[in-house]
Amino acid sequence: MASIPSKNVWIRRQQCPCGDWKCYVSYDGEGEETSVAAQLVKSERVSSEAMVAPYVGMVFKSDNDAFEYYGNFARKNGFSIRKERSRLSPQLGVYKRDFVCYRSGFAPAKKKPIGEHHRDRKSVRCGCDAKMYLSKEVSEGVAQWFVVQFSNVHNHELLEDDQVRLLPAYRKIHEADQERILLLSKAGFPIHRIVKVLELEKGIHGGQLPFLERDVRNFVQNRKKIVQEHDAMLNEKREIDTMELLEACKATKESDEAFVYDFTVDANDKVEHVAWSYGDSVNAYGMFGDVVYFDTTYYSITYGLLLGVWLGIDNHGRTIFFGCVLLQDEASRSFAWALQTFIRFMRGAFPQTILTDLDPGLRDAIRSELPGTKHIISRWNILSKVSSWFSLPLGSRYAEFKSEFDLLYSVESSEDFEIRWDQMVSMFGLVSDKHINLLFSFREYWVPSYIRGYLLAQMATSAYFKAVDTFLKGIFSAQMCLRSFFEQVGISANFQNHEHQVMQYLQVKTNIPIEEHAQSILTPFAFNALQHELVLAMQYAASEMADGSYLIHHFKKMDGERLVMWIADSEQIHCS
């Protein structure tokens, strides 16, 4: 019988090495996030240390411990074992166990029905006498199992390491692999491609998985009925929990008039998308909504929903919550509805800048719904993908590639960037790589020379994204259903938007009048940001030109001059 997951599991979206958008990082609310690729690698491996051969008189706490020990010994010595006979008594229960070599005994003769053709499969059994027999003894209420017979004499050839792993006893598909196989199968991947993806994720060569392609095929076929039953129950749970979420939204609206929410239904009159925000969030957006980060990196396996969270930053440098949306899919039209709804929640006010992850569908939706807003993909979002996209294809050259890629962020002009980009792509043989081409097609959203001058409000920094990550993990605290998830979002948003700020003493460093004035009116966060720029400004010299403009250069970089113009009428500064 298929069972419903006991909790709502969220996974972080990222693009697979195979090129399709799949999920690499999971977070179940009970611990640190872990890479699914890393989980897949954590298969049981026999210790490389030398094992003591079983011997008569050897003691085990249980028959299962004995079977595991003998199985590990067998694998290291080129064979596998199976359970043969057991004997039972009313007083002791099972008191004798016989474990034998997989080639022990002989296959019973099978009667063939007349007129039917059957394929004859040669049996591997050849009467091998290798064995380990156990007997249980109970002393003072404690049971122990003793080896009473042991033989390691085989009448067949023992296998090498690369052969023994292919014996049926050792071709086990571990739970993490099973989940990944089912996820890929449900997404429409053929069996041979599922195997290829697993090999890529584990970073191993073809044919090195602990199971064969036919094992994957048999597993998928055997699980189809179970998966169908599971999906039917899960769909029912989704419908019930989604209706409970809407009831929670309705109840919150009745008790708090400032709360806003909206939802859509599909052609079958089932809930499709749900979005909501709070009065305090709308007010906070009115003050700090110039720059918005729209996080869409988490996806619920349990409900098949993509989570979108709108976040900002206040004048104390704290992450603030603006709104939340659950989407049925990642289509551009779904993102478009989310953006339309968010702007409506925020009383029609558009942000100057929106930061997002790299997603073509989301990019198209922003172009359509926020035409006057600058769309930026932060360095953090880009670099989080570089490793997964290029570490395997480039192998030992990845570190060199990463150094070259990081240098691109210091290139000042678009023309120089494109020259350096072409050189890097050619150097590492990535001309036809689809990920390199995707990054280049998005260059106007992440390359510094294309986004310089736009307001980012300190939100494109690693410190900000660490704060975002902490906030999101606070939401994913082992949720049992969508309603409890909704309640946790409200708790986290309320705490985040009302967090107490401890006053700090602001020390003047330059004694410039503007710094002293800023000390009296700015928050510590804003003052420190301005003070940092003022300290850096001391490293530059300015020479006034005849037309009233200024020639600026760093005292150590005499060849890097910049022309700065001050337009008094419009109070604007322009730099070359």
Side-chain angles (χ1 to χ4, degrees), residues 4-13 26-30 234-266 270-285 292-312 319-330 334-335 337-342 344-346 468-499:
I4 293 296
S6 61
K7 61 188 175 186
N8 184 10
V9 178
W10 295 89
I11 53 180
R12 176 168 282 165
R13 298 163 62 236
S26 68
Y27 185 78
D28 64 5
E30 293 185 347
L234 193 55
N235 286 336
E236 183 179 359
K237 175 179 172 61
R238 285 171 180 166
E239 290 180 28
I240 294 172
D241 286 1
T242 304
M243 294 309 298
E244 288 185 354
L245 170 62
L246 292 182
E247 288 295 324
C249 288
K250 183 178 178 182
T252 304
K253 180 67 175 177
E254 290 174 354
S255 61
D256 179 9
E257 189 64 31
F259 176 79
V260 286
Y261 76 102
D262 198 4
F263 64 95
T264 64
V265 295
D266 60 19
K270 294 180 179 179
V271 176
E272 194 174 25
H273 313 310
V274 184
W276 67 91
S277 184
Y278 305 89
D280 287 342
S281 297
V282 175
N283 293 334
Y285 181 86
V292 172
Y293 174 54
F294 186 35
D295 185 281
T296 56
T297 54
Y298 283 94
Y299 178 87
S300 169
I301 297 178
T302 309
Y303 296 100
L305 294 172
L306 174 68
L307 172 67
V309 183
W310 288 281
L311 300 162
T319 303
I320 49 177
F321 176 87
F322 290 144
C324 186
V325 65
L326 293 170
L327 300 173
Q328 282 284 1
D329 54 46
E330 304 160 33
S334 299
F335 285 129
W337 178 85
L339 294 170
Q340 292 170 7
T341 305
F342 176 70
R344 180 157 40 85
F345 285 172
M346 301 301 129
V468 168
D469 202 43
T470 300
F471 172 78
L472 293 176
K473 285 180 180 178
I475 295 176
F476 305 138
S477 53
Q479 310 310 323
M480 295 295 289
C481 63
L482 286 179
R483 182 169 191 138
S484 62
F485 170 75
F486 169 79
E487 292 168 352
Q488 184 61 44
V489 169
I491 292 170
S492 298
N494 183 64
F495 173 78
Q496 202 74 13
N497 291 356
H498 293 88
E499 184 181 1

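Nothing here was measured: the structure is a model prediction, and the numbers come from that model. Heavy-atom basis, side chains included; hydrogens, waters and symmetry copies ignored.
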Given E272, which partner from the list T264, V265, L327 fulfils the side-chain contact (heavy atoms from CB on, under 4.5 Å) test?
T264
Closest non-hydrogen atom pair between A275 and V325, with its separation
CB-CG2, 3.8 Å
Are the side chains of L307 and S300 in contact, using a 4.5 Å heavy-atom criterion?
no
Using a 4.5 Å cut-off on heavy atoms from C-beta on, say whether the side chain of T242 contacts that of F263.
no
Looking only at heavy atoms, the pair that brings E257 and K253 closest together is O-NZ, 2.9 Å
Atom pair SG (C249) and CD (E254), whose distance is rounded to the nearest 0.5 Å:
11.5 Å
Taking only residues two or more places apart in sequence, or in another chain, which ones meet E239 in a side-chain hydrogen bond (donor to acceptor under 3.5 Å, both in side chains)?
K270
Working for ring-ring contact (aromatic ring centres under 6.0 Å, His included), residues F486 and Y261:
CA-CA 12 Å; F486 169 79; Y261 76 102; 8.7 Å; no
Atom pair OG (S334) and NE2 (H273), whose distance is rounded to the nearest 0.5 Å
3.5 Å
Drop me the distance from D241's CG to F485's CZ, to the nearest 0.5 angstrom.
12.5 Å
Report the distance from atom CZ of F321 to atom CG of L472, rounding to the nearest 0.5 Å.
10.0 Å
By side-chain hydrogen bond (donor to acceptor under 3.5 Å, both in side chains) - contacts of D262 (at least two apart)
R344
If every non-hydrogen atom of Q328 is compared with every non-hydrogen atom of V271, which pair is closest and at what distance?
NE2-O, 3.3 Å
When rounded to the nearest 0.5 angstrom, what distance separates CG in L306 from OG1 in T297?
8.5 Å
Minimum heavy-atom distance between M346 and S281, given as atom pair plus value:
SD-O, 4.5 Å
Distance (rounded to the nearest 0.5 Å) between I240 CD1 and L245 CG
14.0 Å
In the structure I gave you, are the side-chain heavy atoms of L311 and V468 within less than 4.5 Å of one another anywhere?
yes
Between Y285 and F342, does the ring centre distance come in under 6.0 Å?
yes
State, yes or no, whether a side-chain contact exists between T252 and W276 at a heavy-atom distance under 4.5 Å.
no
Neighbour count >12 (heavy atoms, 6.0 Å) for atom CD, E236:
no
So, do L326 and L482 sit near enough that their side-chain heavy atoms are less than 4.5 Å apart?
yes
Can you spot which of F322, F294, F471 makes a ring-ring contact (aromatic ring centres under 6.0 Å, His included) with W310?
F294
